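Numbered from 1 within each chain, the chains take letters A, B, ... in sequence-line order. None of these values were measured; they are calculated from a predicted model.
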Amino acid sequence: MKAMLSALAVSTAIFAASPASAADLEVMHWWTSGGEAAAVGELAKAFDGTEHSWVDGAIAGGGGTARPIMVSRLIGGDPMGAFQFNHGRQAEELIEAGLLRDMTAIAEAEGWLDVVYPQSLLDSCTVDGKIYCAPVNIHSWQWLWLSNKAFESVGAAVPANWDEFVAAAPALRKAGLQPLAVGQQSWQTSGAFNVLMVALAGPDVLVKVYGDKDVDLAAGPELASVFAAAADAREMSQGSNVQDWNQATNLVITDKAGGQIMGDWAQGEFQVAGKVAGSDYTCLPGLGVNELIDTAGDAFYFPIVDDAEITAAQDVLAATLLSKETQVAFNLAKGSLPVRGDVDLSAANDCMKKGLEILAAGNTLPAVTQLNTEDTNNQLNDLFVEFFNDTGITPEAAQARFVDIIKSGE
Amino acid sequence: MQNARPNQLFRNMTAKIAAIPMILTALCVFVGGTVWTIVYSFTSSKLLPRAKFVGFDQYERLWSTSRWTVSLENLFIYGLCSLVLSLIIGFLLASLLDQKIRFENTFRSILLYPFALSFIVTGLVWQWILNPEFGVQSVVRGAGWIGFSFNPLYDSELVIYGVLIAGLWQGSGLIMVLMLAGMRGIDQDIWKASRVDGIPMWKTYILIIIPMMRPVFITTLVIIASGIVKVYDLVVAQTGGGPGISSEVPAKYVYDYMFQGQNLGQGFAASTMMLLAVLIVVIPWAYLEFGSKNRG
């Protein structure tokens with residue numbers, strides 16, 4: 001009885017000790033695969049270390065599923081504490097409608113303008129000179145992940161670039177292995193196409209086609225060669241009957257597929273599976289042709305909430321997300337690159353180091369999400385998921401439809 | 001003279017007052033929402049509705065999109081097959097159960113059971129059953145028939161039939177129960193009379209019972225048809241619209257463009273076209289069904 005009473009006393013003391021301003025902050029995101037969940041755990045741990053607590057609002061199914069849910073919460077007048085978006089044009093209208101908080105004060109107090117590298121990350125958060133989001137990581141699409149064992153098993157050397165990979169594909173096919181793993185989610189196919197465009201036609205072409213909506217270039221020979229390469233990729237991807245991107249990555253991890261074109265978030269999956277970069281798997285930034293990465297990534301936005309406690313907690317979260325310790329712990333788990341140039345990532349593996357070198361050398365390009373509206377991206381998704389699944393569509397026909405989409409894009 | 005006929009409006013006052021909330025809901029939510037959607041389908045609304053009118057631009061884009069035409073084709077195939085097959089299967093099952101068999105209750109529960117599952121569960125179950133790696137194909141191959149190939153969900157020509165199988169499995173039980181209820185409503189004397197006259201059973205069903213079950217058939221048709229137009233969750237769970245875009249349906253197009261594509265105008269235009277398609281079917285039917293009563 002006495003023990004119970006003292007236990008009660010202690011627990012009330014704990015409650016009394018916590019400051020009155022502590023708030024539960026609901027944070028919504030779509031990080032649910034193994035590597036992603038480990039990474040988000042780091043964020044929650046860091047935030048729980050402050051006086052506030054993290055309420056996890058994970059939505060499975062990727063950004064395409066999660067974004068509408070978040071937007072309907074916002075428009076419906078039931079805002080969460082904070083939410084993840086890919087920074088770029090996705091939040092444009094939410095900012096215009098005045099639903100999101102201006103975080104400029106926090107950004108200035110924390111000195112984001114000095115520490116965030118590359119600067120373009122903050123630019124994507126900025127509308128009319130005000131900063132609306134806290135970038136947390138840099139994710140780049142331009143990676144080819146290869147299973148070393150799959151190539152060894154057919155007696156081929158691990159390819160060093162896209163062309164060698166294409167050349168090795170028939171041998172893999174003959175041995176009953178899947179040359180290229182591609183899931184059925186439509187963004188995977190359009191993403192792979194954009195990577196081929198950067199690698200084979202160069203970053204300037206991508207920026208002009210998507211950024212300036214250059215129709216002549218989109219109809220021209222540079223893009224025709226990219227479409228021919230996409231037809232190769234289509235041939236190599238036939239038969240990969242999987243749905244989600246991480247299932248496709250798993251085919252590479254388990255040496256059932258030769259490779260996968262996927263962003264560096266795939267890195268987290270290799271890590272969770274205990275694979276070692278260099279000996280178990282190989283990563284080729286820019287498909288080994290054009291060593292470049294884009295500066296896409298995730299950022300947190302903070303809705304306007306009618307509650308001073310929540311607002312205060314939002315400020316603390318924003319500062320926590322960009323602190324040095326959080327950046328290191330989070331990005332090591334997720335396999336992404338930190339948004340600060342001044343943190344020490346010596347614990348990073350080979351692939352992440354490659355990424356850091358490219359980043360330090362300044363070989364970056366803007367992300368497709370920063371150039372295109374979601375509407376245009378959705379149309380591209382539709383085109384490429386059809387193209388990759390229907391061998392009846394010629395590269396020329398696909399290019400003609402691509403030109404139409406670019407023409408109607410804003 | 002002073003007590004002329006009471007105003008029609010005030011007859012049955014209590015019933016009319018009681019109906020007011022429902023009438024208001026119907027007007028505001030259904031009619032109001034429909035009108036609002038149609039009006040905004042002529043705007044260039046993106047993530048949020050904005051009254052910037054662009055004429056028929058959204059419709060032009062809609063009809064030049066191959067995903068939309070594929071969706072319509074799929075809905076047509078799915079709709080026609082599911083209408084005909086679920087009526088036939090439902091009627092056959094009901095007439096078998098109607099033979100005063102033993103354990104009728106048990107059979108009825110088993111056949112109706114799939115209907116208790118949501119389309120999401122149905123879609124997932126059939127995704128697994130039809131999956132070539134661990135579904136029907138691998139079971140048959142495991143039994144020794146190596147050359148057997150049954151892989152509808154990853155074949156763009158067949159995928160809509162894979163969805164159809166799941167839809168029929170889920171829905172036929174309900175149709176069966178409706179039909180059975182209709183058959184039980186038929187006077188037993190009619191059966192006795194036809195037996196006395198020596199009419200074969202199948203002829204009795206086709207020439208006497210089915211015409212007598214007309215109201216049941218109409219209810220069933222409406223239930224099946226409304227299920228067809230709004231088919232969405234089954235496709236999302238079973239195929240996600242794939243492979244490629246070969247199992248897309250109109251409702252999914254509406255959702256994807258309204259929310260994922262952040263293009264409300266395009267989604268509104270597509271949903272307006274869906275409404276128009278329903279009206280084209282419903283108006284002639286309502287005219288035939290209710291118009292004749294007024295004349296008679």
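Within a 6.0 Å radius of CG in A/D78, other residues, nucleotides and ligands contribute more than 12 heavy atoms. Under a cut-off of 6.0 angstrom, the local environment of CZ in B/F115 is sparse, with at most 12 non-hydrogen atoms contributed by other residues, nucleotides or ligands. More than 12 non-hydrogen atoms from other residues, nucleotides or ligands lie less than 6.0 angstrom from CZ of B/F148. The local environment of NZ in A/K256 is sparse, with at most 12 non-hydrogen atoms from other residues, nucleotides or ligands closer than 6.0 Å. Few gaps surround CH2 on B/W36; more than 12 heavy atoms of other groups in view lie less than 6.0 Å from it. Within 6.0 Å of OH on B/Y113 lie no more than 12 heavy atoms contributed by other residues, nucleotides or ligands.
At a threshold of 4.5 Å between non-hydrogen side-chain atoms, the residues B/R61 and A/Q379 count as touching. Using a 4.5 Å heavy-atom threshold, the side chains of B/S66 and A/R401 count as touching. Residues B/N263 and A/N378 form no side-chain contact, since every pair of their non-hydrogen atoms from C-beta on lies 4.5 Å or further apart. At least one side-chain heavy atom of A/D375 sits under 4.5 Å from a side-chain heavy atom of B/Y257.
For the set B/L47, B/L48, B/L153, the entry with the most heavy-atom pairs within less than 4.5 Å of chain A is B/L47. Ranked by heavy-atom pairs shorter than 4.5 Å toward chain A, the options B/E248, B/M258, B/R50 are led by B/R50. Each of B/S156, B/G241, B/G261, B/S64 has some count of heavy-atom pairs under 4.5 Å with chain A, and the biggest count is that of B/G261.
In this structure, the portion of B/T239 lying under 4.5 Å from any heavy atom of chain A is its backbone and not its side chain. Residue contact with chain A, scored on non-hydrogen atoms closer than 4.5 Å, involves the side chain of B/Y255 exclusively. Of the two parts of B/N131, neither the backbone nor the side chain holds a non-hydrogen atom closer than 4.5 Å to a non-hydrogen atom of chain A. Looking at A/Q184, only its side chain comes within 4.5 Å of chain B, counting heavy atoms on both sides. With a 4.5 angstrom heavy-atom cutoff, A/D390 does not touch chain B via any of its atoms.
Atom CG in A/L383 sits 9.0 Å away from atom CD1 in B/I245 (nearest 0.5 Å). To the nearest 0.5 angstrom, A/N389 atom CG is 11.0 Å from B/D155 atom CG. To the nearest 0.5 Å, the span separating CG on A/N381 from CG on B/D256 amounts to 9.5 Å. Of the inter-residue distances, the one linking B/E60 atom CD with A/S408 atom OG reads 12.0 Å to the nearest 0.5 angstrom.
For the side chain to side chain contact (heavy atoms under 4.5 Å, CB included) with A/E374, the lone residue among B/Q260, B/K46, B/Q262 that qualifies is B/Q262.
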